[in-house]
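Taking it in order: structure first as structure tokens, then the write-up.
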Number of protein chains: 2
Amino acid sequence: MTLPSLARYLPILDWGRHYDRGQFTGDAVAAVIVTIMLIPQSLAYALLAGMPPEAGIYASIAPILLYAIFGTSRALAVGPVAVVSLMTAAAVGNIAESGTAGYVAAALTLAFLSGAMLLALGLFRLGFLANFLSHPVIAGFITASGILIAASQLKHILGIKGEGHTLVEIVSSLLAHLGETSFITLAIGAAATAFLFWVRKGLKPLLRRIGLGPRMADIGAKTGPVLAIVATTLVVWAFDLGARGVAIVGEVPQSLPPLTLPSFSPALISQLFVPALLISIIGFVESISVAQTLAAKKRQRIDPDQELIGLGAANMGAAFSGGFPVTGGFSRSVVNYDAGAETPAAGAFTALGLSLAALFLTPLIHFLPKATLAATIIVAVLSLVDFSILKRAWAFSRADFAAVSATILLTLVFGVEVGVTAGVVTSILVHLYKTSRPHMAVVGRVPGTEHFRNVLRHEVETQPHVLTLRVDESLYFPNARYLEDQLSAYAADKPELTDVVLMFPAVNEIDLSALESLEAINTRLHDAGIRLHLSEVKGPVMDRLKRSHFLDELTGEVFLSQHEAACKLARATPTSGESEDPPEMVRLSAG
Amino acid sequence: MTLPSLARYLPILDWGRHYDRGQFTGDAVAAVIVTIMLIPQSLAYALLAGMPPEAGIYASIAPILLYAIFGTSRALAVGPVAVVSLMTAAAVGNIAESGTAGYVAAALTLAFLSGAMLLALGLFRLGFLANFLSHPVIAGFITASGILIAASQLKHILGIKGEGHTLVEIVSSLLAHLGETSFITLAIGAAATAFLFWVRKGLKPLLRRIGLGPRMADIGAKTGPVLAIVATTLVVWAFDLGARGVAIVGEVPQSLPPLTLPSFSPALISQLFVPALLISIIGFVESISVAQTLAAKKRQRIDPDQELIGLGAANMGAAFSGGFPVTGGFSRSVVNYDAGAETPAAGAFTALGLSLAALFLTPLIHFLPKATLAATIIVAVLSLVDFSILKRAWAFSRADFAAVSATILLTLVFGVEVGVTAGVVTSILVHLYKTSRPHMAVVGRVPGTEHFRNVLRHEVETQPHVLTLRVDESLYFPNARYLEDQLSAYAADKPELTDVVLMFPAVNEIDLSALESLEAINTRLHDAGIRLHLSEVKGPVMDRLKRSHFLDELTGEVFLSQHEAACKLARATPTSGESEDPPEMVRLSAG
């Protein structure tokens with residue numbers, strides 16, 4: 001393998017050779033800021049995923065390093081994110097109880113499977129599969145997930161037990177345990193939530209007023225979650241609230257990420273296969289759109305297939321170092337970019353910072369209340385909730401609206417896996433439905449021109465013995481029979497008909513079903529004494545038709561332009577006196 | 001409800017009012033011939049479905065009557081058919097042992113569910129769903145089913161035990177029991193098979209040679225199966241072969257169809273739901289194509305949604321009269337049509353004939369060997385097996401070939417339900433894959449004309465600052481991101497670019513995902529100092545775009561024709577001296 005081709009799979013060989021001091025400074029500053037931001041976030045998403053808190057930090061170290069080697073985005077920060085953590089909790093929660101060794105093992109296996117799938121999709125260049133997740137479905141899914149995540153964290157704010165992976169389960173479980181509310185926990189949780197909401201809006205202006213520059217104020221505002229954590233931890237420690245019913249993080253091992261082995265039990269793998277696939281695709285789609293948005297600002301290229309490899313390697317890393325499924329996160333990547341990250345080395349420095357945190361800071365979070373982490377999550381995910389997609393979709397098309405609302409509703413009612421699957425299936429069904437009854441227009445000539453337009457929309461000339469039908473859709477199995485139905489209706493209604501011209505300027509594809517329908521139409525029209533012609537057939541479609549016997553059997557002709565067809569067919573009858581410019585007849589027959 | 005609107009749901013009100021003596025004669029003659037043909041066929045398909053023999057006759061009586069009232073085809077004959085009987089055996093065989101009361105009850109429930117689904121599809125006018133089963137998939141499925149059916153009947157010819165619903169299961173079960181072969185049974189079965197094959201080819205010419213007219217010879221040839229049944233029954237009776245190991249039909253109740261009640265157990269219904277759906281769709285597709293073929297010969301119309309109601313009623317009838325799932329059969333309908341059936345009354349008379357048979361003929365079939373019925377089935381279904389679809393599909397398109405071969409292979413290896421589902425899924429995935437990387441062409445002007453063609457296929461004029469890209473596919477979620485990728489590649493490669501024109505003559509639809517991609521493209525090109533224009537946007541697509549803010553945000557213009565776009569953009573630069581004919585600029589902005 002030569003260096004350029006190796007560099008395709010190892011982008012680090014490309015940027016690594018030109019690494020300079022300026023880039024180093026940018027990367028190092030960004031890494032410090034991202035590290036400070038990631039400590040609370042990692043702990044919180046571990047809580048959301050049902051994992052021990054240190055797993056969140058471990059899941060940010062090896063993955064971010066591996067992505068730095070294999071990924072193509074220069075600013076993407078990889079680690080645990082909200083939606084993927086929620087999906088992890090839903091998938092693993094079906095298999096084992098949170099807090100058990102089985103739960104952790106299943107999460108490792110989920111990360112391994114997801115990594116293997118992403119690698120496979122990347123190596124086989126199957127990244128296009130992610131396109132089947134349409135924009136509106138993703139928007140709906142993320143909104144619904146945000147609601148589910150926020151609801152699932154309320155139990156930590158209230159200090160009660162709770163469970164469930166659907167809105168109904170979560171809410172009814174909360175209501176059942178509401179009497180057990182720990183008011184001290186609630187006070188801490190509510191205060192942290194209120195503070196964090198204020199941080200989002202009010203901290204930056206405040207920092208500006210006290211004299212910080214815009215960039216520093218921006219960075220300072222990101223430290224809000226750290227402040228909340230420090231303050232509430234101190235309060236719990238000072239008043240020994242852990243003994244008074246406030247759930248705390250507790251003992252956290254002081255160590256670098258351990259070497260772990262996922263379970264390869266076939267039963268476990270078959271249970272986790274579908275969730276892993278959904279996590280891979282959702283994670284990839286989220287990550288690539290963040291990466292592309294940031295790359296566009298500096299005219300850098302993102303290679304989608306190589307991104308799959310980068311994310312696959314990151315998840316593999318998570319599986320073997322005590323983590324759980326990860327992907328490129330939106331907020332951390334934006335912070336990384338804004339803080340001046342120039343290359344993936346920023347990620348490597350972040351990994352270093354987090355390793356130091358795992359070694360030295362973990363004893364300090366013993367008294368950190370879970371309610372604070374829950375508050376961090378709630379404030380973060382509520383910014384994901386955005387129902388405006390419903391309004392946009394409604395205005396633009398009912399079909400897209402159907403897909404979005406199905407996704408939101410089913411995600412809330414039946415959980416993330418059903419929701420996202422339903423979204424994809426609905427998009428596909430809606431598309432098939434739309435194309436199954438394609439737009440077709442009877443056309444006539446705009447007087448004095450060579451243009452042909454819909455008879456219903458324009459004043460045009462037609463002849464009673466010729467029916468010209470423009471088909472505004474590719475012909476393929478969902479609509480093949482519809483064309484048959486339409487043409488037999490026209491043939492039955494018009495006894496004077498002798499020629500039918502099918503105008504195919506917008507037919508981009510004809511499949512075997514449609515070919516068989518065209519053959520049936522040709523035969524049936526022939527039985528009725530009507531010739532079938534085609535006009536304006538595109539090159540690739542004509543090439544395709546030449547591979548069958550259809551053109552030999554066609555009772556009429558194939559015209560390059562509809563103008564030619566009209567002149568030729570008009571000349572053939574005595575009623576017409578228009579054909580002043582006899583065009584050349586073009587008959588393309590099968591090779 | 002007025003009479004015309006009632007007649008939409010009850011076609012009998014239409015043809016029934018004009019019924020005359022000529023039609024009666026045609027119908028009555030056809031009914032006699034079809035009855036004679038149906039007696040052996042019904043018994044055989046009951047055997048195939050794992051049902052008691054009389055169930056086959058019952059399944060032909062109420063269904064044919066109900067279809068006569070609700071159906072729109074004048075020649076379709078409804079009853080048990082090979083493929084649906086095979087699917088029934090596969091579905092019910094998973095739930096109960098053939099020969100038990102539970103088996104019969106499950107078959108009734110399957111017919112009920114299938115009837116309810118067909119009625120629902122018809123009432124909600126969802127018949128288009130059947131179009132998702134493409135022609136090649138159906139052809140492949142029927143070929144594979146024919147092989148499975150023939151293989152499943154070999155056990156009766158050999159007189160051994162056998163089971164299984166996939167080719168591997170059936171063959172290995174046959175091999176395991178081969179040592180138990182009953183040679184008397186084999187002799188009868190082989191003789192009947194050979195005779196029936198000869199009947200298909202040789203009986204009609206023989207009848208012509210002995211002086212029968214062509215029509216009578218044709219009808220006489222259809223009595224072959226009856227001859228085989230009479231002869232083998234007599235042999236078994238005369239030599240008491242039932243006592244010597246030849247499996248016989250045995251006691252058959254002498255009665256009209258009984259009133260039966262399907263089971264409504266939720267567990268059973270949920271087990272049978274998917275099989276019932278597949279049976280409904282396969283049955284409908286088979287039936288409607290037979291009905292349309294026969295209707296076309298007399299220029300009659302078939303209403304697909306009303307056909308669903310007719311078939312739904314027929315299956316409901318089967319469920320409440322001791323039958324099992326039914327549909328319109330190819331061979332019986334063709335015989336009915338050829339024998340001169342004029343109206344659905346022919347079906348009613350056939351029902352009468354079969355009722356008489358159920359009352360008076362059943363004692364006569366006590367000694368009928370099952371091997372003869374198996375021979376009837378084998379000879380009938382081998383005519384369904386036709387691998388030429390593979391050759392046609394291969395020549396026409398690899399995508400269709402993939403769908404057909406997946407259907408055939410998976411049906412044989414994993415059974416009918418997996419096979420047909422895989423066929424549908426493969427067709428849809430292949431379509432999505434094809435449209436996910438649409439054909440796009442950079443175009444230029446054919447010198448001296450207003451035509452624009454692919455720069456790779458034609459000698460055309462282009463300008464370095466303008467990129468004109470013709471998109472040969474509707475823009476929707478599977479390909480939205482591809483367009484983004486392509487345009488950022490062009491923009492990165494051409495520093496002199498100032499204008500991009502997207503030519504949309506073949507874009508029949510834009511969905512919300514594609515709209516968001518266009519918005520992203522517009523913004524990103526704007527950041528690069530490039531304007532984005534559209535040309536030749538179709539009316540419905542333009543209407544759709546006006547429902548969004550895209551046209552307000554578009555940095556360039558929307559041109560009615562590409563010629564206009566080229567003239568306008570050429571004038572704007574000093575390098576061009578061609579614009580002798582300044583066209584009117586058209587800027588369509590959002591309402």
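Each chain gets a letter, A, B and so on, in the order its sequence line appears, and its residues count up from 1. As the structure is a computational prediction, the values presented were derived from the model and not from experiment.
Annotation: side chain of B:His549 is not in contact with side chain of A:Arg392 (no heavy-atom distance under 4.5 Å). Considering only heavy atoms from C-beta on, B:Glu450 stays 4.5 Å or farther from A:Glu450 through its side chain. Side-chain contact check for B:Leu512 versus A:Phe401: every heavy-atom pair is 4.5 Å or farther apart.
Among all heavy-atom pairs drawn from A:Ala395 and B:Arg547, the shortest one is O-CD, 3.0 Å. Here the closest non-hydrogen pair linking A:Arg125 and B:Arg437 is O-NH2, 4.3 Å.
Looking at B:Asp400 and A:Arg544, no side-chain N of the basic residue comes within less than 4.0 Å of a carboxylate O on the acidic one, giving no salt bridge.
At a 4.5 Å heavy-atom cutoff, the contact between A:Tyr476 and chain B is made by side-chain atoms alone. Of the atoms belonging to A:Ile510, heavy atoms from both backbone and side chain fall under 4.5 Å from chain B. Contact of A:Asp485 with chain B is made through backbone and side chain together, with heavy-atom distances under 4.5 Å. Within the 4.5 angstrom heavy-atom criterion, only side-chain atoms of A:Asp543, from C-beta onward, approach chain B. Heavy atoms closer than 4.5 Å to chain A are found nowhere in B:Thr523, neither backbone nor side chain. Within the 4.5 angstrom heavy-atom criterion, only side-chain atoms of A:Val285, from C-beta onward, approach chain B. Heavy atoms of A:Pro478 lying under 4.5 Å from chain B belong to its backbone as well as its side chain. No part of A:Pro438 comes within reach of chain B, as not one of its non-hydrogen atoms sits under 4.5 angstrom from that chain.
Here CG of A:Leu432 is found 5.0 Å from CD1 of B:Ile428. Values are rounded to the nearest 0.5 Å. For the atom pair A:Ser513 OG and B:Ile138 CD1, the distance stands at 7.5 Å (nearest 0.5 Å). Separation of atoms OG1 (B:Thr435) and CD (A:Glu509) is listed at 8.0 Å; rounding is to 0.5 Å.
Using a distance-only test at 3.5 Å, with no hydrogens or angles considered, no donor-acceptor pair links the side chain of B:Asp472 to the main chain of A:Asn508.
By the 30° and 60° cut-offs, the orientation of the rings of B:Phe477 relative to A:His431 is perpendicular.
Among the candidates B:Ala506, B:Ser474, B:Pro304, the residue making the largest number of heavy-atom pairs closer than 4.5 Å to chain A is B:Ala506.
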